[in-house]
Amino acid sequence: PYVVYVGNVSPHKNVESLLEGFATAAAGLPHELVVVGEERGYGGRGPLAAGRTRLGGRLRVARGLAEHELRAL
């Protein structure tokens with residue numbers, strides 16, 4: 001089981017809140033969080049690094065998926 005976010009990880013998308021909310025709920029869920037998109041606008045200090053630290057193996061990041069791969073996901 002997994003939850004998918006599709007979109008760029010940019011400051012105006014507020015992915016930080018998604019990661020925080022998932023981390024809070026994750027204790028009671030077997031799910032992973034899959035983020036599909038590129039990190040932009042953070043100058044190398046985006047929320048995905050902190051999310052990996054907090055969520056460990058429960059955060060997966062997919063970049064450059066073909067349309068058929070995204071549909072399958």
Side-chain angles (χ1 to χ4, degrees):
Y2 54 91
V3 176
V4 177
Y5 166 81
V6 179
N8 291 324
V9 179
S10 301
H12 72 281
K13 300 279 185 153
N14 201 15
V15 174
E16 293 92 340
S17 289
L18 169 66
L19 294 168
E20 183 179 323
F22 185 82
T24 299
L29 301 172
H31 295 67
E32 293 181 355
L33 176 61
V34 180
V35 175
V36 180
E38 298 290 328
E39 201 167 44
R40 298 179 180 167
Y42 288 99
R45 299 180 189 164
L48 295 182
R52 283 188 187 100
T53 300
R54 189 167 183 188
L55 297 171
R58 296 186 68 182
L59 174 62
R60 295 181 183 227
V61 179
R63 294 178 176 95
L65 294 182
E67 192 170 327
H68 72 276
E69 292 171 312
L70 182 57
R71 272 185 265 164
L73 183 62

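Every value quoted in this text rests on a predicted model; they were computed, and no experiment measured them. All residue numbers refer to positions in the sequence shown, counting from 1. Heavy-atom basis, side chains included; hydrogens, waters and symmetry copies ignored.
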Return the minimal non-hydrogen interatomic distance between [X] and [Y], and the atom names on each side.
X     : Y     : value
Leu73 : Tyr2  : O-OH, 2.8 Å
Leu29 : Ala25 : CG-O, 3.4 Å
Glu16 : Pro47 : CG-CB, 3.7 Å
Pro30 : Pro1  : CG-CG, 4.0 Å

Margin query: With a 4.5 Å cut-off on side-chain heavy-atom distances among I, L, V, M, F, W and Y, is there a chain of contacts connecting Val6 to Val35?
Written below: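 Cluster IDs for Val6 and Val35 differ.
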
Check: Shared ILVMFWY cluster between Tyr5 and Val36, side chains joined below 4.5 angstrom?
Finding: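 They do not share one cluster, since no chain of ILVMFWY contacts under 4.5 Å joins Tyr5 to Val36.
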
Next item on the list: Could you grab the distance from atom CZ of Arg40 to atom NE2 of His12, nearest 0.5 Å is fine?
Entry: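 Atom-to-atom, Arg40:CZ and His12:NE2 are 10.0 Å apart.
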
Checklist line | Distance, nearest 0.5 Å, that separates OG1 of Thr24 from CZ of Arg54 | finding: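 Answer for the OG1-CZ pair, Thr24 versus Arg54, is 5.5 Å.
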
Next item on the list: Take Leu18 and Val3, measure what side chain to side chain contact (heavy atoms under 4.5 Å, CB included) needs, and give me the verdict at the end.
Entry: CA-CA 11 Å; Leu18 169 66; Val3 176; 5.6 Å; no

Check: Quick one: are Phe22 and Leu59 in side-chain contact, heavy atoms under 4.5 Å?
Finding: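 They are not in side-chain contact.
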
Judged by atom type as modelled, is there a donor-acceptor pair below 3.5 Å linking the side chain of [X] to the main-chain atoms of [Y]?
X     : Y     : result
Arg58 : His31 : yes
Arg60 : Glu32 : no
Tyr42 : Leu48 : no

